[in-house]
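What follows is a single structure, written as structure tokens, with notes after it.
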Amino acid sequence: MPKTTKKQTKDNVLGWKIATIVCAVLAVAGCATAAVLFFSRPKDVDSESDAFASLDKIVDKSDDKYTYEVKYYKKGTTKDNKYYYAFVSSSIKDMDGAWGNDVYFRKTAKGSEWQSYNIANDSNLKHFPYCNEISGDLADFIKNYDYVDDDINQVWVTCWDEGGKYQTY
């Protein structure tokens with residue numbers, strides 16, 4: 001067995017000290033990053049799955065008399081995580097001329113309620129709200145989040161202006 005010199009032992013100890021310091025620095029940095037991510041996450045937000053589960057109960061209006069067919073064209077969360085939204089088409093099963101397309105939206109904050117507006121139905125193919133009559137969350141949603149329908153071939157998030165055309169912001 002080869003003999004270890006004092007210089008080799010001293011070099012090995014120095015290597016272990018450096019490795020220990022590097023690992024300690026990485027561990028502290030990792031813990032700090034985890035703490036920042038944990039504490040910066042909003043605690044007062046409903047999960048997306050809980051929010052959409054509550055929406056499912058609202059859009060399916062089936063009862064003893066009618067059965068509704070519900071289709072989600074798109075649902076998701078705005079880029080800034082302020083709103084959940086869904087584009088929903090519903091119709092009464094086996095009944096011609098009984099359908100509607102609605103935009104549902106709600107803030108992500110716990111306890112927020114779903115709001116909706118009808119954009120088309122069997123009587124009126126374009127039925128957006130008038131821009132001068134909207135306010136509050138509806139105005140905020142339409143003005144700031146009209147991009148959420150950009151990737152589909154139908155306009156869902158808009159309002160009518162005075163001239164009878166839909167407004168894009």
Interatomic distance, N132 atom CG to W160 atom CH2 [nearest 0.5 angstrom]: 13.5 Å
Going by an N to O cut-off under 4.0 Å, is there a salt bridge joining K74 and D149? no
Please test V70 against V88 for side chain to side chain contact (heavy atoms under 4.5 Å, CB included), starting from the C-alpha separation and ending with a verdict. CA-CA 7 Å; V70 176; V88 180; 3.7 Å; yes
Set out, in order, the CA-CA distance, both residues' side-chain angles and the distance that settles side chain to side chain contact (heavy atoms under 4.5 Å, CB included) for D140 and Y145, then state yes or no. CA-CA 8 Å; D140 179 47; Y145 303 98; 4.1 Å; yes
Identify the heavy atoms of I142 and P129 that sit nearest to each other, and give their distance. CD1-CG, 4.1 Å
Interatomic distance, S116 atom OG to F87 atom CZ [nearest 0.5 angstrom]: 13.0 Å
Would you say that F105 contacts L55 through its side chain, given a criterion of any heavy-atom pair below 4.5 Å between the two side chains? no
To the nearest 0.5 Å, atom OG of S54 lies from atom CG of D56 at 8.0 Å
Kindly indicate whether the side chain of D46, heavy atoms from C-beta on, has any atom under 4.5 Å from the side chain of R106. yes
Write down the atom of W114, the atom of A51, and the distance for their closest heavy-atom approach. NE1-O, 3.1 Å
Can you give me the closest heavy-atom contact between W99 and S91, atom names plus distance? CB-CB, 3.7 Å
Take K75 and Y84 through the side chain to side chain contact (heavy atoms under 4.5 Å, CB included) test and state the conclusion after the steps. CA-CA 8 Å; K75 60 183 177 179; Y84 295 124; over 6 Å; no
Please report the interatomic distance CZ(F141) to CD1(I134), rounded to the nearest 0.5 Å. 11.0 Å
N118 pairs by side-chain contact (heavy atoms from CB on, under 4.5 Å) with which of N101, V103, D102? D102
Spell out, as yes or no, whether a donor-acceptor pair under 3.5 Å connects the side chain of S62 to the backbone of Y68. yes
Ring-ring centroid check Y85 W156, cutoff 6.0 Å: no
Are the side chains of Y83 and T77 in touch, meaning some heavy atoms are under 4.5 Å apart? no
As an exercise, state the distance from CG of L138 to CD of Q115, rounded to the nearest 0.5 Å. 7.0 Å
So Y147 and T78, do their side chains get closer than 4.5 Å, heavy atoms only? yes
CG-CD distance between N81 and E48, expressed to the nearest 0.5 angstrom: 9.0 Å
